[in-house]
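The sequence lines fix the lettering, A, B, ..., with proteins before strands; numbering per chain opens at 1. Any value given below was found using the heavy atoms of this structure, including those in side chains, with hydrogens, waters and symmetry copies removed.
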Number of protein chains: 2
Amino acid sequence: MNKRDLIDAISGRLGDKKSATEAVNAVLETIQTAVASGDKVAITGFGVFEKAERPARTARNPATGATIQVPESSVPKFRPGADFKALVNGEKGAPAKAGSRKK
Amino acid sequence: MNKRDLIDAISGRLGDKKSATEAVNAVLETIQTAVASGDKVAITGFGVFEKAERPARTARNPATGATIQVPESSVPKFRPGADFKALVNGEKGAPAKAGSRKK
DNA sequence: TGAATAATGAACAAGCGTGATCTGATCGAT
DNA sequence: ATCGATCAGATCACGCTTGTTCATTATTCA
């Protein structure tokens with residue numbers, strides 16, 4: 001599924017494809033900007049987008065076999081939430097219901 | 001940043017907080033459903049949400065220290081895209097602009 | 001109010017990084 | 001809405017590194 005299909009699927013809920021496109025872009029860009037700013041986006045039930053700062057480490061260039069030093073690189077990290085994982089495991093049928101407590 | 005802040009930030013772009021709430025929920029739920037269905041959501045520039053099926057493996061219970069067998073668990077996997085990583089690294093200033101080709 | 005998230009701890013296993021290329025995706029034009 | 005051009009993404013490889021998972025409790029989010 002690509003972005004077009006995603007927008008098309010959402011347009012069925014928002015009613016308009018143009019609005020869906022704007023909505024998707026707004027959400028994605030907002031998350032990107034927030035994570036880039038260092039603020040982690042914690043969404044209960046979905047997951048957490050956070051900026052993971054990785055220190056320099058020793059990697060290797062498989063083409064040459066030479067060990068190279070990789071500088072600090074901040075990469076976006078996503079940790080799926082409980083509902084998301086449960087949904088993928090097939091334990092639930094619909095998201096955002098949160099009414100099933102298996103404890 | 002929580003979901004409230006995210007919605008608030010998006011409402012500044014869509015103009016309405018209610019629309020922003022619907023948009024965020026629609027996007028997130030759609031992604032969850034798609035990933036749960038096995039279809040990976042590939043969005044160029046942002047990342048790829050896909051369903052990673054991990055086979056059973058041996059884990060440990062930190063409370064008791066006993067090794068236990070974990071059954072197959074399908075967890076959602078997110079792989080950040082090039083633009084997202086570049087943005088987090090501070091190489092770019094704004095997402096979805098795609099006008100900066102450094103190549 | 002109710003429920004989800006964060007942190008801890010240790011061992012196992014997979015990932016990562018560079019880099020070119022092909023395919024797929026995305027954006028714009030008609 | 002569809003077609004076309006352009007660009008991002010995946011792959012493969014080797015050796016070291018990091019991540020990940022389990023469970024419990026308090027706090028904070030919805």
Side-chain angles (χ1 to χ4, degrees), chain A residues 1-8 11 17-18 21 24-25 28 40-50 52-73 75 77-87 89 92 95-103, chain B residues 1-8 21 24-25 28 40-50 52-87 92 95-103:
Chain A
M1 173 184 282
N2 39 35
K3 183 186 279 188
R4 279 183 304 180
D5 296 321
L6 175 64
I7 290 172
D8 186 69
S11 62
K17 181 175 287 186
K18 184 170 60 64
T21 304
V24 171
N25 285 324
L28 297 182
K40 66 178 178 182
V41 182
I43 302 173
T44 303
F46 183 76
V48 178
F49 287 95
E50 60 185 336
E53 304 183 23
R54 309 183 86 185
R57 73 178 189 182
T58 309
R60 295 178 76 260
N61 188 342
T64 60
T67 55
I68 55 178
Q69 278 296 332
V70 181
E72 295 82 12
S73 60
V75 294
K77 178 86 174 0
F78 173 72
R79 174 188 294 176
D83 282 338
F84 201 170
K85 290 191 291 187
L87 184 64
N89 275 333
K92 288 185 178 182
K97 295 300 292 184
S100 305
R101 175 199 297 182
K102 62 177 182 292
K103 175 65 173 305
Chain B
M1 173 183 282
N2 320 342
K3 181 187 280 188
R4 280 181 305 178
D5 298 320
L6 176 65
I7 290 172
D8 187 68
T21 305
V24 171
N25 286 324
L28 298 182
K40 67 178 178 183
V41 182
I43 302 173
T44 303
F46 183 76
V48 178
F49 287 95
E50 60 185 334
E53 305 183 24
R54 310 190 85 179
R57 76 177 191 180
T58 309
R60 294 179 73 260
N61 186 341
T64 61
T67 55
I68 56 179
Q69 278 295 334
V70 182
E72 295 82 12
S73 60
S74 299
V75 295
K77 178 89 173 1
F78 174 71
R79 174 190 296 178
D83 282 336
F84 201 169
K85 291 190 291 187
L87 184 64
K92 288 187 178 181
K97 295 302 291 183
S100 308
R101 67 180 62 170
K102 59 179 180 295
K103 178 66 169 306

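With D:dA1, C:dC16, D:dC29 as the candidates, the nucleotide lying closest to the side chain of A:K17 is D:dA1. Residue A:K3 places its side chain closer to C:dC27 than to any other of C:dG19, C:dC27, C:dG17. Here D:dA8 is the nucleotide among D:dC29, D:dA8, C:dG17 with the atom lying nearest to any side-chain atom of B:T44. Closest contact between the side chain of A:R60 and the listed nucleotides C:dT5, C:dA25, D:dC14 involves D:dC14. When the nucleotides C:dA4, D:dT21, D:dT18 are ranked by their closest atom to the side chain of A:R57, D:dT18 comes out on top.
Across all strands, A:R4 comes closer than 4.0 Å to base atoms (heavy-atom distances). Residue contacts shown for A:N2 are limited to sugar-phosphate atoms, with no base heavy atom under 4.0 Å away.
At whole-Å resolution of the value, CG in A:D83 and P in C:dG2 are 17 Å apart. Summarising the geometry, the separation between CD on A:E50 and C1' on D:dG19 is reported as 13 Å, rounded to the nearest angstrom. One can place NZ of B:K40 at 7 Å from P of D:dA10, the figure rounded to the nearest angstrom. Whole-Å rounding puts the A:E53 CD to D:dT18 C1' distance at 17 Å. In this entry the distance linking NZ of A:K85 with C1' of C:dA4 reads 11 Å, nearest Å. One can place CG of A:L87 at 16 Å from C1' of C:dA4, the figure rounded to the nearest angstrom. Between the NZ atom of A:K18 and the P atom of C:dC27 there is a distance of 16 Å, given to the nearest Å. Taking atom CZ of residue B:F46 and atom P of nucleotide C:dA25, one finds them 18 Å apart after rounding to whole Å.
Of the two residues contacting DNA chain D, namely A:T58 and B:G45, the nearest-nucleotide position lying further toward the 5' end is that of B:G45. Nearer to the 5' terminus of DNA chain D, by closest-nucleotide assignment, is the contact made by A:F78 (compared with the other of A:F78 and A:I43). Nearest-nucleotide mapping onto DNA chain C: of A:V70 and A:G47, the residue sitting toward the 5' end is A:G47. In this structure, A:A82 and A:M1 both approach DNA chain C, and ranking their closest nucleotides by distance from the 5' end singles out A:A82.
Heavy-atom minimum distance, A:G47 versus A:F78: CA-CE1, 3.7 Å. Across all non-hydrogen atoms, the minimal contact from A:S11 to A:K17 is CB-CA, 3.6 Å. Across A:T44 and B:K3, no two heavy atoms sit closer than the pair O-NZ, 4.5 Å. Nearest heavy-atom pair, A:R57 versus A:Q69, reported as atom, atom and distance to 0.1 Å: O-OE1, 3.4 Å. Taking both residues in full, the closest heavy atoms of A:F49 and B:F49 are given as CZ-CZ, 3.7 Å, listed atom of the first, atom of the second, then distance.
Regarding contacts with the backbone of C:dG15, every side-chain N or O of B:R79 stays at 4.0 angstrom or more from both OP1 and OP2. Taking side-chain N and O atoms only, A:K77 has a distance below 4.0 Å to OP1 or OP2 of D:dT20.
Side-chain N or O atoms of A:N25 include one that pairs as donor or acceptor with a backbone N or O of A:T21 at under 3.5 Å.
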